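Predicted model only: the values in this text are computed from it and were never measured. Both ligands and their constituent atoms are indexed starting at 1 by order of listing.
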Amino acid sequence: MKQTSDKPIYVTQPSLAPLAEFNEYLQRVWDSGIMTHNGPLMQQLEKEVSAYEGVGDTVCVANGTCAMQLAIRALDLEGEIITTPFSFIATANIIKWERCTPVFVDVDADTWNIDPDRVERAITDKTVAILPVHVFSAPCDVRRIAQIADRHGLKVIYDAAHAMCVKAHGKSIMSYGDVACTSFHATKLFNTCEGGACFTEDAALAARLRRMRFFGFDERKEIVDDGMNAKMTEVAAGLGLANLKHLDEVRRTRREKYELYQCLLGGLDYITFQKFDPEEYNYSYMPVLIDPERFGCDTGELERRLQGHNVYGRRYFYPLLSDTAPLAGDPRGDGLTHARRIAERVFCLPLYHTLSRDDVERICGMIVESGRDA
Ligand code: T4K
């Protein structure tokens with residue numbers, strides 16, 4: 001077995017700009033005393049992210065979860081929302097939290113994203129929206145989803161939590177759907193510590209999202225709409241502005257490591273990679289599927305074995321959302337064949353921009369030997 005690491009290797013590490021660059025933004029906060037309430041740094045971040053992504057409007061918020069809450073509220077949704085069971089819990093529990101009903105349909109066996117045919121078959125007269133996830137940043141079939149939504153008069157909210165700097169059909173993934181919601185959490189490719197954003201091409205909808213994140217106040221501080229507190233702080237925005245300058249480089253170095261994993265593990269018959277166009281992916285995660293029969297043990301056992309070497313991969317996203325206690329029970333949860341198979345086999349290997357090539361090689365060696373020992 002390959003040598004055990006002295007220091008733990010986690011599934012990810014935050015990508016952070018040099019501290020001196022963040023300090024320049026902190027100095028501005030200290031000088032102005034403006035900490036929050038849609039201050040100048042947050043407004044600058046909205047402009048810079050919109051330009052970076054090439055989208056009409058970016059509405060920065062406190063986290064990716066409340067981005068989706070705001071989207072559901074701003075579109076006045078009440079009823080059934082069709083979504084994927086293969087995602088992080090926030091995708092579906094937020095639908096329920098907003099008093100709508102999540103309806104789970106199966107995913108595509110290769111891209112692991114929601115299957116548009118299944119979406120169309122699940123539509124009833126109660127359906128109000130589709131909430132697909134670009135899981136691990138691989139784009140959903142955005143064109144077919146748009147056709148289905150148009151045909152049935154449904155809204156589309158994309159959970160694009162993983163998908164900063166991803167394009168599909170030549171334009172930002174954030175420009176698809178009525179609203180796309182992303183996360184700027186510490187573990188994401190682009191982070192503001194905690195944070196997130198709603199993206200939309202609809203200026204009126206953007207204005208509503210801005211009011212709703214700020215208690216329902218308009219620009220003159222009059223209460224004109226429903227609202228909550230979902231504002232991004234100036235400190236978070238400053239970190240975002242510092243990190244944004246390094247985003248292309250972060251993506252590039254992660255891609256190199258992803259490709260090294262691919263090269264070292266690609267020949268093994270028990271490992272499958274997610275299917276995507278290499279130019280339409282951001283390499284924020286390193287998910288593989290492990291075939292337990294061929295490998296000799298399941299992903300739970302692999303996880304334990306790697307932990308014995310101080311390497312902490314993760315089983316994102318197991319179990320299926322439809323199998324979690326708060327969300328179980330919808331009979332339409334049956335027939336999630338591909339999603340269940342993927343969730344049982346998925347394992348995310350460590351991937352972050354400072355992970356060394358040596359570490360990638362050692363981790364791959366551990367996997368190969370683990371399979372041999374099983
Ligand atoms: N939709 C989807 C599809 C999502 O995946 C998520 C969030 C959301 C919506 C909601 O967005 P947010 O409301 O969170 O903005 C993470 C994150 O909490 C969560 O943002 C993320 N998805 C989810 C997939 O995973 P964990 O369980 O990975 O956190 P944790 O603490 O185990 O961290 C993993 C590793 O990262 C650690 O072993 C070490 C490293 N780490 C972590 C943190 C928090 C650091 O080095 N520094 C840190 O500060 O949750």
Just list the N/O pairs, ligand 1 to protein, that are under 3.5 Å apart, with the distance for each.
unit_1, atom_1, unit_2, atom_2, d
ligand 1, 1 (N), Asp159, OD1, 3.1
ligand 1, 1 (N), Asp159, OD2, 2.7
ligand 1, 5 (O), His162, NE2, 2.7
ligand 1, 13 (O), Gly64, N, 3.3
ligand 1, 13 (O), Thr65, N, 2.9
ligand 1, 13 (O), Thr65, OG1, 2.5
ligand 1, 15 (O), Gly64, N, 2.8
ligand 1, 15 (O), Ser183, OG, 2.7
ligand 1, 20 (O), His185, ND1, 3.4
ligand 1, 20 (O), Lys188, NZ, 3.0
ligand 1, 22 (N), Lys188, NZ, 2.9
ligand 1, 27 (O), Arg314, NH2, 2.7
ligand 1, 28 (O), Tyr316, OH, 2.3
ligand 1, 32 (O), Arg314, NH1, 2.7
ligand 1, 36 (O), Thr12, O, 3.4
ligand 1, 46 (O), Gln13, NE2, 3.2

Checklist entry - So which heavy atom on Gly54 is nearest to which on Glu201, and how close? => result O-OE2, 4.4 Å
Checklist outcome for this item: Which of Val142, Val133, Leu131 passes side chain to side chain contact (heavy atoms under 4.5 Å, CB included) with Tyr158? Answer is Val142
Next on the checklist: Is it the case that the side chain of Lys257 and the backbone of Leu355 share a donor-acceptor pair, with hydrogens and angles ignored and the cut-off at 3.5 Å?
Outcome noted: yes
Checklist entry - Can we call the ring centroids of Tyr258 and His353 under 6.0 Å apart? => result no
Item to check | Check: Tyr316 ring centroid to Tyr318 ring centroid under 6.0 Å | outcome: no
Next on the checklist: Between Asp226 and Arg211, does any NZ, NE, NH1 or NH2 come within less than 4.0 Å of an OD or OE carboxylate oxygen?
Outcome noted: no
